[in-house]
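Since the structure comes first, as structure tokens, the remarks are kept for the end.
The figures here come from the full heavy-atom set of this structure, side chains too, leaving out hydrogens, waters and symmetry mates.
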Amino acid sequence: MVFSTAPLAHSLLDDEAVVCLLTKDPQREYKDLLHEKNIRAVNRVVGVEKLKGKFKPFDARRELVRDHDLFLADERIVPLLPKLCGSVFYKDRKFPVPVDLTNRKRLAETIAKAIASTYYMQNKGSCNSIKIGFLDRHKPEQLVENLASALPAIVSRVEGKWGNIQNIEVKTGVSAALPIWNCSLGDGEDVRWSAPVKELDEADEDDEDDDDDEDDEDEDEDEDEDEDDENIPVAPKKRKLATATRAPAPKRK
């Protein structure tokens, strides 16, 4: 699975959200850096050594996950996180969002963009779910703006782009999926995926031609059999010979 992000016009987090930043050691360096850049969106900084020590027990990691709404992580330690964080991070779907901490001039912009984005795991299947808002926190207009903002980034990460997307649906946690766009199948200039349909039609025609050929062959065989039957000589029927019986001669006395 591939971790991907998409920008949103309106963040999924409110002003009271608690954000944790996972960094390389020493963590004090990054705490001072955030203070220097006046970045107040990050509430806590945790280094690799603390993940290996203080937060190694399962209960400690679970408490860390529950205390924070979003986790950001230095891109350089992302390969270590599955082992350091364990399954508790992924069961609660709080995947650490990778950020670039090496470009210090754009650090504030990078963190703000990461907090304002949505994220999802791009699996190997044919369907992906991406969170774009909350009904109790966003207005309908804001949800539409989030969809319009995230869609280009999502499509750009699909192999084949729009040519490989069949449909887009929106749903809540308890509703049915409502289609808002569907890829049309068939023939025409404005129809996507017309080639597979043509191939299927040609295949059906080939099958029909094969069936017709088989029927013709069967008819030819039947005609040949009838001709053979006509050419077979029929033996004449044997006539029964009539035999005359004579009465026995009277005996002489």
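- The CD atom of Gln142 lies 12.5 Å from the OG atom of Ser149; values are rounded to the nearest 0.5 Å.
- Between Leu21 and Ala73, the shortest heavy-atom contact is CD1-N, 4.3 Å.
- No chain of hydrophobic side-chain contacts below 4.5 Å, direct or via other Ile, Leu, Val, Met, Phe, Trp or Tyr residues, connects Leu8 to Val144.
- Note: the hydrophobic cluster containing Trp162 also contains Val170 (ILVMFWY, side chain heavy atoms under 4.5 Å, direct or indirect links).
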List the steps and the verdict of side chain to side chain contact (heavy atoms under 4.5 Å, CB included) for Lys52 and Leu84.
-> CA-CA 7 Å; Lys52 292 180 179 180; Leu84 293 176; 3.5 Å; yes
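- Side-chain N or O atoms of Arg61 include one that pairs as donor or acceptor with a backbone N or O of Lys56 at under 3.5 Å.
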Stepwise side chain to side chain contact (heavy atoms under 4.5 Å, CB included) test for Tyr30 and Leu107 | CA-CA 11 Å; Tyr30 297 95; Leu107 183 60; over 6 Å; no
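- Minimum heavy-atom separation, Glu49 to Asp25: CG-OD2, 2.9 Å.
- Leu34 and Val18 are assigned to two separate hydrophobic clusters, defined by single-linkage of ILVMFWY side chains at heavy-atom distances under 4.5 Å.
- Atom OG1 of Thr118 and atom CD1 of Ile130 lie 7.5 Å apart (nearest 0.5 Å).
- One N or O on the side chain of Ser11 and one on the backbone of Ile115 form a donor-acceptor pair closer than 3.5 Å.
- Atom-to-atom distance recorded for Leu151:CG and Ile165:CD1 is 7.0 Å, nearest 0.5 angstrom.
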Check the pair Ile111 / Lys37 against side chain to side chain contact (heavy atoms under 4.5 Å, CB included), numbers first and verdict last.
-> CA-CA 11 Å; Ile111 291 180; Lys37 299 293 183 180; over 6 Å; no
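- Annotation: the span from Leu64 atom CG to Arg44 atom CZ amounts to 6.0 Å, rounded to 0.5 Å.
- A donor-acceptor contact shorter than 3.5 Å is absent between the side chain of His10 and the backbone of Ile132.
- In this structure, Pro152 and Ala148 approach most closely via the heavy-atom pair CD-O, 3.1 Å.
- No more than 12 heavy atoms of other residues, nucleotides or ligands shown are found within 6.0 angstrom of CZ on Arg106.
- Salt-bridge formation is not detected for the pair Lys54/Glu63: no Lys NZ or Arg NE/NH1/NH2 atom is positioned less than 4.0 Å from an Asp or Glu carboxylate oxygen.
- Note on Leu12 and Leu143: separate hydrophobic clusters, where clusters join Ile, Leu, Val, Met, Phe, Trp and Tyr whose side-chain heavy atoms are under 4.5 Å apart, directly or indirectly.
- Nearest approach of Pro7 to Ser117, heavy atoms of both residues: CA-OG, 3.7 Å.
- Between Thr5 and Arg157 there is a side-chain heavy-atom pair separated by less than 4.5 Å.
- Of the inter-residue distances, the one linking Cys85 atom SG with Lys94 atom NZ reads 12.5 Å to the nearest 0.5 angstrom.
- For Asp136, the CG atom is densely surrounded, since the number of other residues' heavy atoms within 6.0 Å is greater than 12.
- Cluster annotation: Leu135 is not connected to Leu13 through the hydrophobic network of ILVMFWY side chains, with a link wherever side-chain heavy atoms come within less than 4.5 Å.
- Tested against Val97, the residues Leu72, Val78, Leu22 include a single side chain to side chain contact (heavy atoms under 4.5 Å, CB included) partner, Leu72.
- Ring-plane geometry between His68 and Phe71 is classed as tilted, the angle between the planes lying from 30 to 60 degrees on a 0 to 90 degree scale.
- When atom types are taken as modelled, the side chain of His138 and the backbone of Phe134 share a donor-acceptor pair closer than 3.5 angstrom.
- Of all heavy-atom pairs spanning Gln166 and Trp181, the tightest one is O-CZ3, 3.6 Å.
- With a 6.0 Å radius and a threshold of 12 heavy atoms from other residues, nucleotides or ligands, Lys113 has its NZ atom at or below the threshold.
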Can you list the steps and then say if Phe89 with Leu81 is a side chain to side chain contact (heavy atoms under 4.5 Å, CB included)?
-> CA-CA 10 Å; Phe89 276 76; Leu81 293 181; over 6 Å; no
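- Remark: Leu147 CG to Ile168 CD1 distance equals 7.0 Å, nearest 0.5 Å.
- For the residue pair Val155 and Lys161, the shortest heavy atom distance occurs at O-CD, 3.4 Å.
- Heavy atoms from other residues, nucleotides or ligands lying under 6.0 Å from NZ of Lys83 number 12 at most.
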